[in-house]
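Everything below concerns the one structure shown next.
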Amino acid sequence: MALRLYNTMSSQIEDFRTLREHEVRMYACGPTVYDYGHIGNFRSFIAVDMLQRFLRQSGYNVRYVMNITDVDDKIIRNAARDGVSVQHYTAKYEKAFLEDSAMIGIEPPRLVRATEHIQQMAEFVKKLVEKDIAYRTEDGSYYFRIAKFPAYGKLSKKDFGGMQDGARVEVDEYDKDSARDFALWKSPKPGEASWETVIGPGRPGWHLECSVMSMEELGETFDLHGGGEDLVFPHHENEIAQSESLTGKTFARFWFHVRFLLVEGEKMSKSLGNFYTLRDLVLKGHKPSSIRYLLTSVPYRNQLNFTFDGLKQAAVSVDRLRNFRQRLTSGNFLPGSNPEMQSLAAETIARMKAALDDDLNTAQAQAAIFEMVRRANAAFDANEIKKEDVPPLLAALEKFDEIFAVITDDDGPKMKQVFDWAPTEGRENDISLELREAVESAQLTDAAIEKKIAEMAAARAARNFQASDALRAELTAAGILIENTKEGVRWRRK
Ligand code: AMP
Ligand code: ZN
């Protein structure tokens with residue numbers, strides 16, 4: 001089986017076919033770098049990350065481009081408010097975006113910045129003017145004449161039959177029902193960043209940025225374009241209008257949209273107090289791997305309701321996977337192989353692939369790996385896993401982690417970064433006890449922990465219970481959980 005994917009353009013699940021054999025050219029709308037990214041933004045970015053990971057796992061060569069919107073209405077307003085240049089203002093949040101993306105396990109796409117493509121954008125407008133598709137207004141702004149693009153509305157399935165030719169809208173994000181000529185290029189206003197170009201001074205509109213940069217990077221027609229569901233209209237509709245009216249060709253073949261994240265059942269908003277950046281959650285002591293796991297646990301087109309209970313369950317799930325891998329890599333196994341374990345590993349790999357081929361059904365893929373862990377753990381307890389079963393079981397975990405990226409434990413250093421960042425933004429009081437503990441535990445190396453555990457055992461053997469209790473308390477305070485099992489003392493980080 002091969003990938004089948006929902007295409008917003010056809011409103012159907014289709015066979016995913018690329019224009020060039022073995023190669024996917026894809027583009028996702030990236031962040032507007034005017035603030036720290038929230039977990040809703042990261043639901044969308046992670047969904048596209050998983051898609052590109054799965055395409056690569058399926059054998060495609062993937063060219064994946066994402067833009068950084070580093071000039072727009074909000075950025076200009078905030079930079080002016082703070083009395084700094086646009087570049088100075090956006091540099092901080094672009095850096096934060098890159099750090100957060102790495103923290104949440106996103107593989108870096110090729111990133112392109114709007115401010116580095118201004119001249120190409122002006123050229124693009126010039127060509128639209130030459131075709132009489134764009135027009136200039138008295139103040140030196142340029143608008144797209146949507147009456148010239150009869151297919152307008154084909155992505156969002158809006159019927160703009162009664163639209164009024166020449167009615168205009170200046171802002172980038174607007175009312176869902178308005179079909180108006182939209183701004184391609186905005187004339188300079190006092191105090192705003194602007195550039196000198198072939199069409200005069202000014203700055204690009206948001207929609208134009210993505211059309212120009214995606215086609216420059218990937219060609220006039222490419223395979224897939226994605227983003228959150230709010231981008232269908234007007235952003236993507238406008239990108240299509242601009243690009244296709246210029247080239248006369250299909251702009252992107254597949255349109256991939258991620259459903260909006262809810263938090264505790266409601267739309268996330270600052271006024272409701274349910275608005276979280278990634279860093280807010282880490283400050284509360286949650287691990288990046290738990291956050292990623294939760295954000296991947298619901299297929300991208302279904303509603304995902306983010307709750308703190310869900311986040312705790314996600315942490316338990318990640319721990320189960322990590323503990324299982326630990327058991328496999330550190331256990332002693334009898335020689336030989338158990339056909340049941342061999343087929344379990346093979347079936348799991350096949351089930352995960354079938355799930356992801358089915359419009360990226362991440363929930364089914366997770367169910368498959370947990371079924372394997374449950375059955376293999378039972379076999380382990382009954383001494384029924386043999387030496388030759390270990391590599392295939394590990395391979396299934398590896399396949400899972402190529403997409404989900406939660407099993408390798410690098411939470412400690414990532415949490416330390418947030419811990420170190422907090423005081424630089426005056427947020428040291430938001431550091432929770434849980435985060436403090438996690439950071440302290442991460443600073444203890446495995447060898448140091450083993451040494452303390454050995455000292456504990458020695459103290460107990462010498463009946464010095466005070467010393468052994470003190471060592472145990474020290475490890476517990478650093479978030480190390482110690483368990484006495486029949487195989488000896490086992491420990492893990494909380
Ligand atoms: P922005 O930085 O606002 O331009 O948004 C960056 C990306 O995050 C876009 O693809 C948005 O569609 C997406 N996005 C914004 N809010 C949410 C949300 N609550 N859930 C999912 N995706 C979102
Ligand atoms: Zn875009």
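The structure displayed is predicted, hence computed values, not measured ones. Residue numbers run from 1 in the order of the sequence given. FYI, side chains are in, hydrogens and waters are out, and symmetry mates aren't considered; it's all heavy atoms of this structure.
- Ring to ring, Phe308 and His286 are close: their centroids are under 6.0 angstrom apart.
- Counting only residues at least two apart or in different chains, ring pair (Phe, Tyr, Trp, His ring centres under 6.0 Å) contacts with residues 345-375 are absent.
- Sorted by first and then second residue, the salt bridge (charged side-chain N to carboxylate O under 4.0 Å, His left out) pairs involving residues 297-314 (not counting sequence neighbours) are Arg301-Asp359.
- Every pair passing side-chain hydrogen bond (donor to acceptor under 3.5 Å, both in side chains) that includes a residue from residues 470-479 is listed here, sequence neighbours excluded: Lys452-Glu474.
- Every pair passing salt bridge (charged side-chain N to carboxylate O under 4.0 Å, His left out) that includes a residue from residues 40-51 is listed here, sequence neighbours excluded: Asp49-Arg53, Asp49-Arg292.
- Lys267 forms no cation-pi arrangement with Phe260, by the criterion of a distance under 6.0 Å to the ring centre and an angle within 45° of the ring axis.
- Here salt bridge (charged side-chain N to carboxylate O under 4.0 Å, His left out) pairs that include residues 2-28, with residues two or more places apart or in two chains, are Arg4-Asp15, Asp15-Arg17, Arg20-Glu23, Glu23-Arg25.
- Aromatic pair His225/Phe251: centroids less than 6.0 angstrom apart.
- Here Phe54 pairs with nothing under the ring pair (Phe, Tyr, Trp, His ring centres under 6.0 Å) rule; sequence neighbours left out.
- Applying the ring pair (Phe, Tyr, Trp, His ring centres under 6.0 Å) test to His235 and every residue at least two apart in sequence or in another chain returns Trp206, His207.
- Applying the ring pair (Phe, Tyr, Trp, His ring centres under 6.0 Å) rule to Phe380 yields the partners Phe333; only residues at least two apart in sequence or on another chain are considered.
- Judged as a side-chain hydrogen bond (donor to acceptor under 3.5 Å, both in side chains), the pairs with a partner in residues 331-352 (not counting sequence neighbours) are, in order, Gln342-Asp389.
- Note on residues 268-281: pairs passing salt bridge (charged side-chain N to carboxylate O under 4.0 Å, His left out), not counting sequence neighbours, are Asp35-Lys270, Glu99-Arg279, Asp100-Arg279, Asp280-Arg427.
- Within the structure, ring pair (Phe, Tyr, Trp, His ring centres under 6.0 Å) contacts touching residues 381-418 (residues at least two apart or in different chains) are Phe400-Phe404.
- With 3.5 Å as the limit, one finds no donor-acceptor pair spanning the side chains of Asp72 and Thr32.
- Contact check on Lys92 versus Glu425 returns a salt bridge, with a Lys/Arg side-chain nitrogen under 4.0 Å from an Asp/Glu carboxylate oxygen.
- Under the ring pair (Phe, Tyr, Trp, His ring centres under 6.0 Å) criterion, Trp421 pairs with Tyr36, sequence neighbours left out.
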